[in-house]
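Heads up: the structure comes next, in structure tokens.
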Amino acid sequence: MRELCWSLWKQRWAFLIFAITVISGAWMIFQVTDGYSVFEMGYRTTFILLQLMFLILQRERFRIVLRKESAHRFYRSMPHAWEKEQKRFLWIDLFCVVMLGVLLVIGIVFRNEFSDRLLPFALVVFFLIYMPGTRIMACVPYVWWVLEIVFAAMFLFVPAFDVSPLLCGGTAVVVGVIQWLLYRFVRKLWDTED
Amino acid sequence: MKILQNSEIPIYKQIAMQLKEEILSGKLTAGEYLPSIRGLAKDLKISVITTMKAYEELCAEGLVTSVQGKGFVVNPQDTAMIREQRLREVEDHLLEALEAAKTIGMTVEEVRDLITVLNHTE
Amino acid sequence: MDSVIVAKGLVKKYKKFTLGPVDLEIPKGFSTALIGANGAGKTTLLDTICGIVSPSKGEVTYFGEITDIEAGETKERIGYQAAQGMYPMSWTPYDVAMANQLGFKGFHEDRYWELCKKYGVADYGEKKQSLMKMSDGNRIRLCLAAVFARDTELLVLDEPGSNLDPLMRDRLCGQFREYLEEGDGEKTILFSTHNIADMENVTDYAILMYDGAVIESGFVSDLCEKYILVSGESATFDKIKRSLMIEDRNMSTCFGFARAEEKDKLEAAGAVVESPNLQQLSIFLLRYAEQQNS
């Protein structure tokens, strides 16, 4: 717990930059789709801020575990480094599952046109990024950021792109299962290529 | 201990010789422990294996014994054996002196006189 | 020989380089030097032994009984120090202390700051400067302060002396000897170097590597008795060619390197022989390995 808090504190500047970027993006979204109640605006803002936090956590774990950066030698020389890593991922993933679950429930209960678009997007993002197997995705820098932006644009700004939530969710589940299988081989990712 | 860093004589030999001298002369008594190999290595700024080799040589000559977990202990020295060793040394040196004397044509008498003179000068 | 690490058939495959198979033993209570050129595989070997990367094949036994480095508190007992990139460049000396405090149980922060002062890097701590702003030499000093501030039974240091000036290197050797004395036979040091001359007087056991393989290993005193340096005239060398492993001929004199059992034959032929020191031994054995490989 101390470690996680400490490494989040190390990321504080990244937090700030992301916050500015994402909040201004959110503001743009609200400008396009106006006429929503305070609650709905709050809902959207919360979702986006959570995205921000997940991005930071993901980036943090990505940075410490997988990037060919100096930190990994010190980190891997610590006792129980692998177990700590697994626990940390589990904590992050559990948190993501719970928060997105809460958002999904709210979205289903208080449905509107915007939440209909947002929900499939949330499912896809969830499976692509936050399932344990996503170490593989995190290996390739920034791919998932691009994907997230693309999906966001697709669902939020292209009215014609009206994909059924079922198809979307179904694809996400399949992708998630594949990544779960890959997770079982993730131990190999501890070895650095020279 | 006086160690010469750049001498022809390897350091482990210098250590062994000096310790041998101290043991035979009685400065180090029977039952006394030699400094630990790592402590000595630290003080002399050399590798542990060097001090170990010096001690092993002393062991081989019967001057010390290695005690598991405690170090190297000085053996009680057999005075008769020491005397015999020293006698052998005197013999060797005298033989050398006689050889050298022969080359310049000194007689045994002259050598004996020289010994007496040297002894009085001491 | 009591060994703190025993490796059997250790192999590590990378895309462009393969280490091993390697069999080695690190004797307990002594200082072992891993000697080899850059690219010989020293860092790979140390990384594999310390669990920084997992071996492709083979097994390693630690402290006599443990076979899995991830098990229990084994890594707590090992003080690993990388040649470079041990900590992120953005960290300050304070961050290094915090991280070690979090990651290891036996880290003594007061000892760390004392050593920083002793090694002359305490200023960086006070000014809160990042590792990026420090020279290579100062960075290594800081990292060494951190690893010596921990309670360990085995120190594994990758090129600790390579970026240090002679004075600091001398201090480091003194630190090594203190560590071994403290342990009184229970603490061990394993370090790698591509320049053994600097660390010769703190080396008890040597392991020589060439192109991913161990070509020779043993206590320094034994190795220096196993081989001899030969010197003589050209005519003599014509006679003894076959007994030599390496020969260097020039106008003034001829030098050679041979196994000690050839001593009598070589002296009979009129050459003079002597025991090599570790530096000479390393050079000749590495040259011999190179020769065999070409």
Side-chain angles (χ1 to χ4, degrees), chain B residues 1-23 28-29 31-75, chain C residues 1-2 4 26-33 35 155 161 166-167 169-191 193 196-207 217-226 274-281:
Chain B
M1 226 181 283
K2 296 172 216 144
I3 302 290
L4 290 167
Q5 298 281 344
N6 300 316
S7 165
E8 286 234 325
I9 309 171
I11 293 186
Y12 85 89
K13 249 234 141 47
Q14 291 183 49
I15 299 172
M17 275 162 41
Q18 290 192 37
L19 285 174
K20 179 172 173 177
E21 195 49 53
E22 290 187 13
I23 293 173
L28 283 169
T29 53
E32 215 178 307
Y33 277 90
L34 295 178
S36 80
I37 50 174
R38 291 175 183 86
L40 188 62
K42 184 181 100 173
D43 292 338
L44 299 179
K45 297 196 171 199
I46 51 178
S47 63
V48 175
I49 201 78
T50 311
T51 52
M52 205 167 103
K53 195 165 176 192
Y55 284 19
E56 279 174 354
E57 195 167 283
L58 294 173
C59 243
E61 287 189 29
L63 293 160
V64 302
T65 312
S66 161
V67 178
Q68 180 79 308
K70 293 185 90 183
F72 289 78
V73 69
V74 177
N75 288 338
Chain C
M1 176 173 91
D2 237 351
V4 69
I26 309 292
K28 187 162 84 159
F30 293 100
S31 173
T32 298
I35 306 165
L155 282 179
L167 181 59
R169 220 179 292 127
D170 188 57
R171 268 197 212 116
L172 178 67
C173 291
Q175 200 82 56
F176 276 21
R177 292 187 199 103
E178 253 181 63
Y179 182 80
L180 292 176
E181 196 207 3
E182 258 171 38
D184 199 25
E186 294 300 312
K187 292 196 180 180
T188 311
I189 300 178
L190 168 61
F191 69 94
T193 178
I196 188 58
D198 296 335
M199 313 289 282
E200 196 164 339
N201 64 358
V202 86
T203 305
D204 302 314
Y205 191 89
I207 300 174
S217 61
F219 281 105
V220 172
S221 45
D222 298 332
L223 288 180
C224 292
E225 278 170 19
K226 200 172 162 187
E274 63 169 338
S275 290
N277 61 30
L278 185 55
Q279 159 87 333
Q280 291 159 334
L281 185 81

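These values consider heavy atoms only, across backbone and side chains, with no hydrogens, waters or symmetry-generated copies.
Atom-to-atom distance recorded for Leu40(B):CG and Glu181(C):CD is 10.0 Å, nearest 0.5 angstrom.
Pairing each heavy atom of Asp204(C) with each of Ile49(B), the nearest pair is OD1-N, 2.8 Å.
At distances below 3.5 Å, at least one donor-acceptor pair connects side-chain atoms of Arg177(C) with backbone N or O atoms of Ile46(B). For Arg38(B) (side chain) and Gly183(C) (main-chain N/O), no donor-acceptor pair under 3.5 Å exists by modelled atom type.
Phe219(C) places none of its side-chain heavy atoms less than 4.5 Å from the side chain of Met52(B).
The most heavy-atom pairs under 4.5 Å with chain C, out of Ser47(B), Gly39(B), Ser36(B), come from Ser47(B).
Both the backbone and the side chain of Lys45(B) come within contact range of chain C, with heavy atoms under 4.5 Å apart. Heavy atoms of Thr203(C) lying under 4.5 Å from chain B belong exclusively to its backbone.
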